Asks: 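One structure, as structure tokens, below. Some questions next.
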Protein chains: 2
Amino acid sequence: MTLDSETKAVELPEDHAEELRLWLRLLTCTTLIEGEIRGRLRERFDVTLPRFDLMAQLDKAPDGMTLSDVSKRMMVSNGNVTGLVERLVESGHLDRRTSDTDRRVQVIRLTKLGRAEFRKMATEHETWIADIFGDLTEKDVRELMRLLAKTKGSAQKAVQRRQD
Amino acid sequence: MTLDSETKAVELPEDHAEELRLWLRLLTCTTLIEGEIRGRLRERFDVTLPRFDLMAQLDKAPDGMTLSDVSKRMMVSNGNVTGLVERLVESGHLDRRTSDTDRRVQVIRLTKLGRAEFRKMATEHETWIADIFGDLTEKDVRELMRLLAKTKGSAQKAVQRRQD
DNA sequence: CCAAGATGTTTTAAGTCTAAAATGTTTAGG
DNA sequence: CCTAAACATTTTAGACTTAAAACATCTTGG
């Protein structure tokens with residue numbers, strides 16, 4: 001009996017209910033916060049979250065970025081970026097030009113208008129985040145950062161494994 | 001001088017860079033995992049993540065749910081659910097009927113086919129999650145659950161405050 | 001050089017998603 | 001009763017999103 005159950009144990013379906021609950025909770029948190037930020041951005045600045053996110057990437061890169069860079073950073077598809085950029089160029093927030101050294105590459109950067117508008121939004125955005133995470137102590141934040149870093153590493157390895 | 005800086009401190013822009021970084025890390029984790037699950041669902045079962053999520057909600061409710069219930073649980077708009085349900089009824093995974101007691105209400109539930117297919121997917125899905133979170137110890141999982149619960153509570157309060 | 005292959009972007013087709021307005025139904029107060 | 005408010009859902013218009021195919025341009029080994 002003991003031998004049997006030990007032998008079987010390897011093949012028996014293991015219980016991963018806790019990990020599943022963790023994933024659902026992580027997803028709930030993100031969806032909740034994302035929805036709140038989306039609503040405030042629309043209400044306050046009449047801008048969508050993807051546009052804000054894209055501008056945030058560009059704000060960190062004064063010399064501009066290629067579409068591929070943006071796509072990787074934002075973890076969205078190439079085609080997605082193409083459309084977003086189109087609309088942001090149209091509205092005068094972005095400048096887009098073909099690279100001098102590689103004619104495949106499109107370099108985009110914030111226009112003066114785009115940067116000014118983004119900075120206004122970013123300031124307020126930061127206070128919203130502070131409000132949303134307001135109940136967490138400094139220690140909570142540190143601990144969450146650590147555990148999420150570990151989670152990210154674990155997930156990246158899983159992605160790697162599948163791609164082999 | 002001391003008085004001045006103390007007086008000013010209240011109005012000075014506080015530094016919330018840490019919370020911002022936490023939010024970005026949370027978002028990165030979720031996006032990364034969500035993308036991986038989406039890809040595996042498509043590759044293995046040719047199903048989209050929203051469809052899987054909707055079926056997961058219904059699997060937990062043998063007596064069916066109303067569209068509003070689903071919308072609240074999934075934290076998506078009503079119109080979104082209408083479209084999703086349409087396609088899942090079309091493909092034979094869902095059954096939809098008007099409530100006997102309230103003709104405004106639509107009750108949906110999994111068909112036999114829908115339930116069977118979901119169960120197969122769910123089993124595999126759970127192993128993917130276990131794989132993705134594989135580096136976390138039991139203690140990590142417990143601690144993350146706790147901190148995310150606190151985060152969720154904090155965010156919900158912020159949502160509440162805005163709605164007043 | 002020059003044909004593969006790699007790389008960067010766009011296009012396509014279909015699905016997902018939202019906010020807001022419209023529609024249909026129920027509930028309650030007068 | 002009957003109308004105003006509340007509620008559940010659908011519709012609408014537009015934006016976002018993906019995967020995959022198509023297109024354009026570079027890079028490189030022979």
Side-chain angles (χ1 to χ4, degrees), chain A residues 27 30-32 34-55 64-91 93-94 96-108 163, chain B residues 27 30-32 34-55 64-91 93-94 96-108 163:
Chain A
L27 189 55
T30 301
T31 307
L32 182 64
E34 210 171 32
E36 181 65 11
I37 297 296
R38 183 198 319 284
R40 294 197 194 200
L41 280 174
R42 172 181 301 270
E43 212 176 73
R44 186 80 178 74
F45 299 110
D46 193 31
V47 76
T48 65
L49 186 51
R51 278 176 215 219
F52 177 81
D53 286 344
L54 176 40
M55 292 171 82
M65 296 175 80
T66 69
L67 297 201
S68 289
D69 286 346
V70 172
S71 165
K72 273 170 210 141
R73 287 288 189 107
M74 294 180 73
M75 294 193 283
V76 300
S77 66
N78 287 336
N80 189 357
V81 174
T82 296
L84 267 172
V85 167
E86 233 163 46
R87 291 183 286 271
L88 279 166
V89 168
E90 173 65 26
S91 63
H93 294 85
L94 258 54
R96 167 222 208 99
R97 64 184 56 177
T98 303
S99 162
D100 294 328
T101 57
D102 186 339
R103 280 182 311 180
R104 289 171 303 179
V105 173
Q106 301 287 313
V107 178
I108 56 175
Q163 283 170 352
Chain B
L27 189 55
T30 301
T31 306
L32 182 64
E34 210 171 34
E36 181 65 10
I37 296 296
R38 184 197 317 284
R40 294 198 193 200
L41 280 174
R42 171 180 301 270
E43 211 175 72
R44 187 78 179 78
F45 299 109
D46 193 32
V47 75
T48 66
L49 186 51
R51 278 175 217 218
F52 178 81
D53 287 343
L54 176 40
M55 291 171 84
M65 295 175 80
T66 70
L67 296 200
S68 291
D69 287 347
V70 172
S71 165
K72 273 171 210 140
R73 287 289 190 101
M74 292 180 73
M75 294 192 282
V76 300
S77 66
N78 287 336
N80 188 356
V81 174
T82 296
L84 265 173
V85 167
E86 232 163 47
R87 291 183 286 270
L88 279 166
V89 168
E90 172 66 26
S91 63
H93 293 86
L94 257 56
R96 168 221 209 101
R97 63 183 57 175
T98 303
S99 162
D100 294 328
T101 57
D102 186 338
R103 280 181 311 182
R104 288 172 303 181
V105 173
Q106 301 286 315
V107 177
I108 55 176
Q163 284 169 354

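Values in this document were obtained by computation on a predicted structure and should not be read as measured data. Letters A, B, ... are given to chains in the order of the sequence lines, protein chains preceding strands, and every chain is numbered from 1.
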Asks: With a 4.0 Å cutoff (strictly under), does any side-chain N or O of B:Arg87 reach OP1 or OP2 of C:dA14?
Replies: no
Asks: For B:Thr48, answer base if it contacts any base atom (sugar-phosphate contacts may also be present), sugar-phosphate if it contacts only those atoms, and nothing otherwise; contact means non-hydrogen atoms under 4.0 Å.
Replies: sugar-phosphate
Asks: Do B:Ser71 side-chain atoms and B:Leu67 backbone N/O form a donor-acceptor pair below 3.5 Å?
Replies: no
Asks: Is the CZ atom of A:Arg97 crowded by more than 12 outside heavy atoms at less than 6.0 Å?
Replies: no
Asks: Write down the distance between CZ (B:Arg97) and C1' (D:dA8), rounded to a whole number of angstrom.
Replies: 18 Å
Asks: To the nearest 0.5 Å, tell me how far B:Arg38 CZ sits from B:Thr48 OG1.
Replies: 8.5 Å
Asks: Does B:Leu27 offer a backbone N or O that forms a donor-acceptor pair with the side chain of B:Thr31 under 3.5 Å?
Replies: yes
Asks: For A:Thr66, which contact category applies under a 4.0 Å heavy-atom criterion: base, sugar-phosphate, or nothing?
Replies: sugar-phosphate
Asks: Could you state the atom-to-atom distance from CG of A:Leu84 to C1' of D:dT17 in whole Å?
Replies: 9 Å
Asks: Which one, D:dT11, D:dA15, C:dT10, comes nearest to the side chain of B:Thr82?
Replies: D:dT11
Asks: Could you tell me the separation between the CD atom of A:Glu90 and the C1' atom of D:dA15, rounded to a whole number of Å?
Replies: 14 Å
Asks: Using a 6.0 Å cut-off, check whether atom CZ of A:Arg73 has over 12 heavy atoms from anything other than its own residue.
Replies: no
Asks: Between the side chains of B:Gln106 and B:Thr98, does any donor sit under 3.5 Å from an acceptor?
Replies: yes
Asks: Round to a whole Å and report the spacing from CG of A:Asn78 to C1' of D:dA19.
Replies: 11 Å
Asks: Take the protein atom CD of B:Glu34 and the nucleotide atom C1' of C:dT16, then report the distance between them rounded to whole Å.
Replies: 12 Å
Asks: Roughly how many Å is it from CG in B:Leu67 to P in D:dT11, rounded to a whole number?
Replies: 12 Å
Asks: Between C:dT16, D:dA8, C:dG8, which one does the side chain of A:Ser68 approach most closely?
Replies: C:dG8
Asks: Nearest-nucleotide wise, let me know which of B:Glu86 and B:Lys72 is further upstream toward the 5' end of DNA chain D.
Replies: B:Lys72
Asks: Identify whether any heavy atom of B:Met74 sits under 4.0 Å from a base atom; if not, whether one sits that close to sugar-phosphate; answer base, sugar-phosphate or nothing.
Replies: nothing
Asks: Please determine whether side-chain contact (heavy atoms from CB on, under 4.5 Å) holds for the pair A:Asn78 and A:Asn80, giving the CA-CA distance in whole Å, both sets of side-chain angles, and the decisive distance to 0.1 Å.
Replies: CA-CA 5 Å; A:Asn78 287 336; A:Asn80 189 357; over 6 Å; no
Asks: With respect to the phosphate group of C:dA19, does any side-chain polar atom (N or O) of A:Arg38 fall under 4.0 Å of OP1 or OP2?
Replies: no
Asks: Under a 3.5 Å cutoff, is there a donor and acceptor pairing between the side chains of A:Ser68 and A:Thr66?
Replies: no
Asks: Under 4.0 Å, heavy atom to any atom of DNA chain D: which of residues 100-107 of chain B qualify?
Replies: B:Arg104, B:Val105, B:Gln106
Asks: Say you draw a straight line from CG of A:Asp53 to CG of A:Leu84; how long is it, rounded to the nearest 0.5 Å?
Replies: 9.0 Å
Asks: Without decimals, in angstroms, what is the distance between A:Leu49 CG and C:dT18 C1'?
Replies: 12 Å
Asks: Rounding to a whole Å, what distance do you find between A:Asp46:CG and C:dA19:P?
Replies: 12 Å
Asks: If each of A:Ser77 and B:Arg96 is mapped to the nucleotide of DNA chain D with the nearest heavy atom, which maps nearer the 5' terminus, i.e. the 5' end?
Replies: B:Arg96
Asks: Looking at five pairs on each end of the helix from C:dC1-D:dG30 to C:dG30-D:dC1, what is the angle between the two axes, given to 10 degrees?
Replies: 10°
Asks: Start at the 5' end of DNA chain C and walk down; is the nucleotide closest to B:Asn80 or to A:Gly83 reached first?
Replies: A:Gly83
Asks: Closer to the 5' end of DNA chain C via nearest nucleotide, is it A:Asp69 or B:Val76?
Replies: A:Asp69
Asks: B:Arg51 versus B:Leu88: any side-chain heavy-atom pair under 4.5 Å?
Replies: yes
